[in-house]
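Residues: numbered from 1 along the sequence shown.
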Amino acid sequence: AVQLVESGGGSVQAGGSLRVSCSASGIDYDAYCMGWFRQAPGKEREGVAAIDSDGLTSYADSVKGRFTISKDNTRNTLYLQMDNLKPEDTAMYYCAADFYQDYSGSYCTPTASIFYSWGQGTQVTVSS
């Protein structure tokens with residue numbers, strides 16, 4: 001079975017940086033699309049960024065210019081580099097992957113409905 005495991009969360013002061021990672025296992029081909037989502041207490045899940053198998057990226061307006069999504073296909077690992085962090089970025093961050101239906105290209109966006117496989121999350125806390 002596909003397994004996604006996030007790591008790298010933690011606490012940082014506003015203006016600082018963190019990189020979270022997501023390791024995929026249990027499957028021997030690349031995902032059509034992978035993404036990062038976040039959910040703060042009392043708020044709905046929010047799509048943050050997505051990247052397709054060719055490296056095409058898509059970002060939520062709230063993180064454009066501050067976050068960078070990337071992946072290492074040789075290690076089956078997805079990354080989210082977060083710079084200039086703000087207190088409102090505090091949330092549980094989840095990675096997700098689409099291995100079963102071709103939502104690549106312009107279809108690869110941080111929209112929860114296109115992703116079937118999800119990780120358990122890693123907490124990011126930004127203090128002011």
Side-chain angles (χ1 to χ4, degrees):
V2 173
Q3 188 174 18
L4 302 177
V5 179
E6 300 94 338
S7 61
S11 298
V12 65
Q13 288 191 328
S17 298
L18 275 176
R19 188 177 79 161
V20 291
S21 303
C22 172
S23 178
S25 62
I27 198 158
D28 59 2
Y29 59 90
D30 291 341
Y32 293 107
C33 180
M34 297 189 76
W36 286 100
F37 292 78
R38 65 188 182 186
Q39 188 166 20
K43 294 188 176 181
E44 293 188 355
R45 181 174 52 190
E46 175 189 18
V48 175
I51 186 168
D52 81 349
S53 54
D54 290 329
L56 182 68
T57 58
S58 175
Y59 294 93
D61 288 343
S62 59
V63 305
K64 278 181 182 177
R66 299 188 299 121
F67 290 11
T68 304
I69 188 171
S70 63
K71 62 190 179 76
D72 182 341
N73 290 333
T74 61
R75 298 184 177 184
N76 291 328
T77 303
L78 178 72
Y79 303 100
L80 184 68
Q81 175 68 40
M82 302 180 288
D83 298 317
N84 191 21
L85 281 159
K86 303 176 181 180
E88 52 263 43
D89 294 318
T90 296
M92 186 73 78
Y93 282 71
Y94 300 90
C95 75
D98 157 39
F99 288 103
Y100 306 114
Q101 194 160 353
D102 189 359
Y103 288 111
S104 59
S106 60
Y107 295 101
C108 181
T109 61
T111 303
S113 60
I114 72 172
F115 296 101
Y116 183 81
S117 303
W118 292 83
Q120 294 300 306
T122 185
Q123 178 67 36
V124 171
T125 302
V126 185
S127 58
S128 57

**OP:** Give a yes or no on whether E88 atom CD has more than 12 heavy-atom contacts from other residues, nucleotides or ligands under 6.0 Å away.
**Re:** yes
Original post:
Does one side chain, of K71 or N73, offer a donor that lies under 3.5 Å from an acceptor on the other?
Top reply: yes
Subject >> G47 to A60 - nearest heavy-atom pair and separation >> reply: O-CB, 3.3 Å
Original post:
Who pairs with S11 by side chain to side chain donor-acceptor pair (under 3.5 Å), at least two apart in sequence or on another chain?
Top reply: none
Original post:
About how many Å separate OG of S128 and NZ of K86, when rounded to the nearest 0.5 Å?
Top reply: 13.5 Å
Original post:
Can you find a pair of side-chain heavy atoms, one from Q123 and one from T90, that are under 4.5 Å apart?
Top reply: yes
Original post:
Under a 4.5 Å side-chain heavy-atom rule over Ile, Leu, Val, Met, Phe, Trp and Tyr, are I51 and Y103 clustered together?
Top reply: no
Subject >> Interatomic spacing from OG1 in T125 to CE in M92 - rounded to 0.5 Å >> reply: 9.0 Å
Original post:
Can you tell me if Y59 uses its side chain to pair, donor with acceptor, with the backbone of G65 under 3.5 Å?
Top reply: no
**OP:** Can you sort out the partners of S7 under side-chain contact (heavy atoms from CB on, under 4.5 Å), two or more places apart, ordered by chain and number?
**Re:** S21
**OP:** Could you check if a side-chain atom of W118 sits within less than 4.5 angstrom of a side-chain atom of V2, using non-hydrogen atoms only?
**Re:** no
Original post:
For residues 45-69, which residue pairs qualify under salt bridge (Lys or Arg N to Asp or Glu O under 4.0 Å), counting only residues two or more places apart or in two chains?
Top reply: R38-E46, D61-K64, R66-D89
Original post:
Any side-chain heavy-atom pair from Y32 and I114 closer than 4.5 angstrom?
Top reply: no
Original post:
Are the side chains of E6 and Y94 in touch, meaning some heavy atoms are under 4.5 Å apart?
Top reply: yes
Original post:
If you group Ile, Leu, Val, Met, Phe, Trp and Tyr whenever their side-chain heavy atoms sit less than 4.5 Å apart, what else falls in with V5?
Top reply: none
Original post:
Taking atom CG of D98 and atom OG of S117, what is their separation to the nearest 0.5 Å?
Top reply: 8.5 Å
Subject >> Partners passing side chain to side chain donor-acceptor pair (under 3.5 Å) against D102 (at least two apart in sequence or in another chain) >> reply: S104
**OP:** Kindly write out the residues that satisfy ring-ring contact (aromatic ring centres under 6.0 Å, His included) with Y116, not counting sequence neighbours, or none if the list is empty.
**Re:** Y100
**OP:** Tell me who clusters with Y79, hydrophobic residues only, linked when side chains sit under 4.5 Å apart either directly or through other members.
**Re:** none
Original post:
Among all residues two or more places apart in sequence or in another chain, which pass the side-chain contact (heavy atoms from CB on, under 4.5 Å) test with Q81?
Top reply: S17, R19, T68, D83
**OP:** Could I get the full list of side-chain contact (heavy atoms from CB on, under 4.5 Å) partners for V124, not counting sequence neighbours?
**Re:** L18, V20, M82, Y93, V126
**OP:** Name all residues meeting the ring-ring contact (aromatic ring centres under 6.0 Å, His included) criterion together with F115; count only those two or more places apart in sequence or in a different chain, and write none if there are none.
**Re:** F37
**OP:** Could you give me the CA-CA distance, side-chain angles and deciding distance for D30 and N76, then say whether side chain to side chain contact (heavy atoms under 4.5 Å, CB included) is met?
**Re:** CA-CA 8 Å; D30 291 341; N76 291 328; 4.1 Å; yes
Original post:
disulfide bond (SG atoms under 2.5 Å apart): which pairs involve residues 42-100, sequence neighbours left out?
Top reply: C22-C95
In residues 105-113, what donor-acceptor pairs under 3.5 Å come from side-chain atoms, sequence neighbours left out?
residue, atom, partner, partner atom, Å
T109, OG1, T111, OG1, 2.9

